[in-house]
Structure formats: structure tokens, C-alpha cells
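Report on the structure given below.
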Amino acid sequence: MFKGLLSVFLALVAVTSIMAKSEKTAVKQEKRVPQTLSRGWGDQLIWAQTYEEALFWARSRNKPLMVIFHLDDCPHSQALKKAFAKDKEIQRLADEHFILLNLVYETTDKHLFPDGQYVPRILFVDPSMTVRADISGPYSNRKYAYEPSDMKLLRNNMERAKTFLKTEL
């Protein structure tokens, strides 16, 4: 009787072992979308993880920093993100000439909210760590806000941030 129970036990162990292996291979075969720092703003672009890291990169690479404040559940942020990611010229300019950071939280640097804490907003910081308050969007009540229809102005402001870098530093 003991041999019979031992045989049944070993058979159960073998079956569960085979089933566990097949479940593990099923998990490995499943494709997962990696979580990136882009959060959908441009997956092919290189994004800084923190404000401090972005400032270091801007200074060491002598490139302006573009800081995008947004929220994942904000419809205005989602619309701007879609327009930003679709615009090939903005993506090219961002890739070649800017250090990029997108934040879903506020920083403690009061210079990054010169006219209030709202989303979405985009600010530029030059390599000397000066927030470029003079480069703003089209709205007087939310100076650094952009909407999907403002992509041409955003491109122009990116060119301005790039140009000021060359002429002022």
C-alpha cells in the first residue's frame, strides 16, 4: 500500500511540475509593452528621469531643456500629447536639439510655475539653468499652455529656445 501511495504522489508531482513549466513559458511568450519615461510623448526620444538629471544633461551637453507638465487623466494633456507625438518636426527638433523631461507631478522649483500650477504646460530652461519665461504660449491667462492647434507656435518656440542658446551663451 505504501508503494502505491508513493507512486501516486510521484505521479502528481510530475504532472504539476510539467503544468508549471508550461505556464512559465506562456508568460515569457506574452509581449509586454515596456514602461518608458516618454509616457507617450515620443517613445523614440530620450527622456530624463528627474528634474535634477535633466538640468545636469542640459548643462553638460549644452542643450536647452524642455519640461512638459501634464497629468495622465487630463483630457487636455492627452490631446496635447497626441499632437506632440504625431508632429514629425517637433519630434525631430526634440530629438536633435533638446533635453526632454515630462512630469506628472510638480517640482519644488518655484521658477517652473511662474504663473501657476496648471497642466498641460511647457517651459524651456537654458543650459545656464535659467527658466526662459519669455518663451510662452498664446494664452495670457495660462502663459505656458499649448493646445493641439498650437503645434506651429510650439515649433517656433522650440526654434527660439535653440536660437537663444546660440546667441546668448
Side-chain angles (χ1 to χ4, degrees), residues 30-169:
E30 164 185 320
K31 287 188 177 181
R32 294 185 184 178
V33 178
Q35 291 292 329
T36 66
L37 295 172
S38 78
R39 297 181 180 96
W41 290 86
D43 292 338
Q44 78 286 0
L45 301 173
I46 297 171
W47 295 85
Q49 190 168 2
T50 65
Y51 182 54
E52 291 75 18
E53 178 184 52
L55 288 173
F56 174 77
W57 286 358
R59 193 167 182 92
S60 63
R61 297 175 187 174
N62 202 32
K63 289 183 175 184
L65 165 63
M66 179 191 293
V67 184
I68 303 170
F69 290 91
H70 65 99
L71 292 174
D72 290 332
D73 58 352
C74 168
H76 301 287
S77 296
Q78 291 172 352
L80 181 62
K81 178 192 324 185
K82 189 175 181 181
F84 185 95
K86 268 186 171 179
D87 192 303
K88 292 180 195 264
E89 183 61 16
I90 284 178
Q91 294 289 301
R92 184 192 67 75
L93 282 169
D95 186 37
E96 295 175 7
H97 302 287
F98 287 88
I99 302 301
L100 301 167
L101 175 67
N102 71 68
L103 298 172
V104 290
Y105 57 87
E106 290 295 337
T107 68
T108 56
D109 186 345
K110 66 180 186 243
H111 298 102
L112 289 176
F113 46 92
D115 67 336
Q117 295 177 327
Y118 53 87
V119 292
R121 73 180 186 277
I122 300 175
L123 289 129
F124 296 94
V125 182
D126 70 24
S128 69
M129 294 193 254
T130 303
V131 175
R132 298 303 308 260
D134 59 314
I135 301 177
S136 60
Y139 309 102
S140 60
N141 61 337
R142 301 171 288 130
K143 285 182 66 174
Y144 306 99
Y146 294 86
E147 293 185 1
S149 59
D150 302 324
M151 291 300 98
K152 183 176 181 184
L153 176 61
L154 180 57
R155 281 191 302 274
N156 290 341
N157 282 346
M158 290 172 77
E159 290 289 346
R160 283 182 64 204
K162 192 176 83 163
T163 303
F164 280 128
L165 172 68
K166 291 178 183 172
T167 60
E168 292 180 359
L169 296 177

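The CG atom of Leu154 sits 11.0 Å away from atom CD of Glu89, with the distance rounded to the nearest 0.5 Å. Rounded to the nearest 0.5 Å, atoms CG (Leu37) and CG (Asn102) are 7.5 Å apart. Residue Tyr118 holds its OH atom at 15.0 Å from NE2 of His70, rounded to the nearest 0.5 Å. A distance of 13.5 Å separates OH of Tyr139 from CG of Asp115, quoted to the nearest 0.5 Å. For the atom pair Asp95 CG and Leu100 CG, the distance stands at 8.0 Å (nearest 0.5 Å).
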Subject >> Stepwise side-chain contact (heavy atoms from CB on, under 4.5 Å) test for Arg160 and Arg132 >> reply: CA-CA 10 Å; Arg160 283 182 64 204; Arg132 298 303 308 260; 5.8 Å; no
Subject >> Criterion salt bridge (charged side-chain N to carboxylate O under 4.0 Å, His left out) on Lys162 and Glu96, from CA distance to verdict >> reply: CA-CA 10 Å; Lys162 192 176 83 163; Glu96 295 175 7; over 6 Å; no
**OP:** Please report the C-alpha distance between Leu80 and Trp41 in whole Å, then the side-chain angles of each, then the deciding distance to 0.1 Å, and finally whether the side-chain contact (heavy atoms from CB on, under 4.5 Å) criterion is met.
**Re:** CA-CA 9 Å; Leu80 181 62; Trp41 290 86; 3.9 Å; yes
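Gln49 CD: 12 or fewer foreign heavy atoms inside a 6.0 Å radius. Under a cut-off of 6.0 angstrom, the local environment of CD1 in Ile46 is sparse, with at most 12 non-hydrogen atoms contributed by other residues, nucleotides or ligands.
For the pair Asp150 (side chain) and Glu147 (backbone), a donor-acceptor distance under 3.5 Å is present. Side chain of Arg61 to backbone of Ile99: no donor-acceptor contact under 3.5 angstrom is found. Trp47 places a side-chain N or O within donor-acceptor distance of the main-chain N or O of Gly42, the cut-off being under 3.5 Å. With hydrogens and angles disregarded, a donor-acceptor distance shorter than 3.5 Å links the side chain of Tyr144 to the backbone of Ala133. When atom types are taken as modelled, the side chain of Ser60 and the backbone of Phe56 share a donor-acceptor pair closer than 3.5 angstrom. Looking at Arg121, its side chain never comes within 3.5 Å of a backbone N or O of Gly137 through a donor-acceptor pair. In this structure, Tyr51 contributes its side chain and Leu101 its backbone to no donor-acceptor pair below 3.5 Å.
Residues Arg59 and Ser128 share a closest heavy-atom pair of NH1-CA, 3.9 Å. What you find for Leu112 and Leu123 is that their closest heavy atoms are O-CD1, 3.1 Å. For the residue pair Gln91 and Phe84, the shortest heavy atom distance occurs at NE2-O, 2.9 Å. Smallest separation of non-hydrogen atoms from Ala161 and Phe124: CB-CD2, 3.8 Å. Contact record, Leu93 with Arg155: CD1-O, 4.1 Å, taken as the closest heavy-atom pair. Closest approach of Pro127 to Ala58, counting heavy atoms only: CB-O, 3.5 Å.
Put simply, the side chain of Val119 does not reach to within 4.5 Å of the side chain of His76, judged on heavy atoms. Between His97 and Arg92, the closest side-chain pair of non-hydrogen atoms falls below 4.5 Å. Counting heavy atoms from C-beta on, the side chains of Ile90 and Met158 come closer than 4.5 Å.
Applying the salt bridge (Lys or Arg N to Asp or Glu O under 4.0 Å) rule to pairs touching residues 71-85 yields nothing, sequence neighbours excluded.
Every residue was checked against the ring-ring contact (aromatic ring centres under 6.0 Å, His included) condition with Phe69, not counting sequence neighbours, and none meets it.
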